[in-house]
Asks: 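One structure, pasted below without further comment.
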Amino acid sequence: MHLEIRHLGTPWLEVSPRAFGYNVFGGTIGEPRSSEVPDASSATRGKFIDTAAPSFRWRPGNHGSESEPNVDRWMKARGNPDRVSVATKVGTEMAPDARRLARRVILKAVEDSLARLQTDPIALYPSHEDEPATPIEKTLETSDLLARQGKARAIGASDVSLERPQASLDVVAALDRASQT
């Protein structure tokens, strides 16, 4: 079975319609399974790996960033970093009362993820969870900065309320209108 390839937003970001969720690899699934399963996905033209920095922070002995280095090791061992699009996320609570989508938090988190993944840019960098304490405008401004700096090709949202994506689109439309006047 071969999956079709789709363009996510732009022609330069190719993904398979299903992402391979890598978050359990390096946390609850160790080697060699951490390589065998993504190999099988890749063999069926799976071109899209989804992970997140805070995976497994709850597990004793883990720091919450075990998955990303495993993705890096797998891609290097297979020689395929240019053929696989990687999504990793920002915004999951790593510390109590942290403003998870504040500019300084996102800027540090993207640098940490880039270092662990050894990739540049991150193909898709969504906000992982709603964080109403930070205005959408501020999160979008920071996400735009990441795209302009070449650190993330595309942004998105995951595990958010139904209202958040529409509110984000409304903010972007208002900014576009303001920039045209």
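Since we're looking at a predicted model, the values are computed, not measured.
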Asks: List the atom of Pro126, the atom of Ser158, and the distance in Å for their closest heavy-atom pair.
Replies: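 Heavy atoms only, the tightest pair is CB-N, 4.4 Å.
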Asks: Mind checking whether Lys138 and Arg103 have side chains closer than 4.5 Å, heavy atoms only?
Replies: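 They are not in side-chain contact.
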Asks: Let me see the working for Asp144 and Glu141 under side-chain contact (heavy atoms from CB on, under 4.5 Å), right down to the final yes or no.
Replies: CA-CA 5 Å; Asp144 180 60; Glu141 286 172 7; 5.7 Å; no
Asks: If you round to the nearest 0.5 Å, how far is CG of Leu146 from CZ of Arg153?
Replies: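 These two atoms lie 14.5 Å from each other.
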Asks: Please find the pair of heavy atoms, one from Ser127 and one from Thr139, that lie closest to each other, and give the distance.
Replies: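 What the structure gives for the nearest pair is OG-CG2, 3.9 Å.
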Asks: On a heavy-atom basis, which atom in Val160 and which in Ala157 lie closest, and how many Å separate them?
Replies: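 Between these two residues, the closest heavy atoms are CG2-CB, 3.9 Å.
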Asks: Using residues 166-176 as the side-chain source, report each donor-acceptor pair under 3.5 Å to any protein atom, sequence neighbours left out, with the distance given to one decimal.
Replies:
{"residue": "Gln166", "atom": "NE2", "partner": "Asp170", "partner atom": "OD1", "Å": "2.8"}
{"residue": "Ser168", "atom": "OG", "partner": "Arg164", "partner atom": "O", "Å": "3.1"}

Asks: Closest heavy-atom contact between Arg100 and Val90?
Replies: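 Looks like O-CG2, 4.3 Å.
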Asks: For Leu101 and Gly91, which heavy atoms make the closest approach, and how far apart are they?
Replies: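 It is CD2-CA, 3.7 Å.
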Asks: Any side-chain heavy-atom pair from Leu124 and Ser85 closer than 4.5 angstrom?
Replies: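 Contact flag for Leu124/Ser85 side chains = no.
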Asks: Can you hop from Tyr125 to Met75 via hydrophobic side chains spaced under 4.5 Å?
Replies: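 Cluster IDs for Tyr125 and Met75 match.
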Asks: Looking at residues at least two apart in the chain, or sitting in another chain, which of them share a side-chain contact (heavy atoms from CB on, under 4.5 Å) with Ile155?
Replies: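 With sequence neighbours excluded, Ile155 shows a side-chain contact (heavy atoms from CB on, under 4.5 Å) to Leu140, Ser143, given in chain and number order.
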Asks: Can any side-chain N or O of Gln118 pair as donor or acceptor with the backbone N or O of Ala115 at less than 3.5 Å?
Replies: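 At least one qualifying donor-acceptor pair exists.
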Asks: Taking 4.0 angstrom as the limit, do Asp159 and Lys89 come out as a salt bridge?
Replies: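 Here Asp159 does not pair with Lys89 in a salt bridge, since their nearest N and O are not under 4.0 Å apart.
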Asks: Quick one: side chains of residues 106-114, donor-acceptor pairs under 3.5 Å with protein atoms, not counting sequence neighbours, listed by atom name and distance.
Replies:
{"residue": "Lys108", "atom": "NZ", "partner": "Asp112", "partner atom": "OD1", "Å": "3.2"}
{"residue": "Lys108", "atom": "NZ", "partner": "Asp112", "partner atom": "OD2", "Å": "2.9"}
{"residue": "Glu111", "atom": "OE2", "partner": "Lys151", "partner atom": "NZ", "Å": "2.2"}
{"residue": "Ser113", "atom": "OG", "partner": "Glu68", "partner atom": "OE1", "Å": "3.4"}
{"residue": "Ser113", "atom": "OG", "partner": "Glu68", "partner atom": "OE2", "Å": "2.8"}
{"residue": "Ser113", "atom": "OG", "partner": "Ala109", "partner atom": "O", "Å": "3.3"}

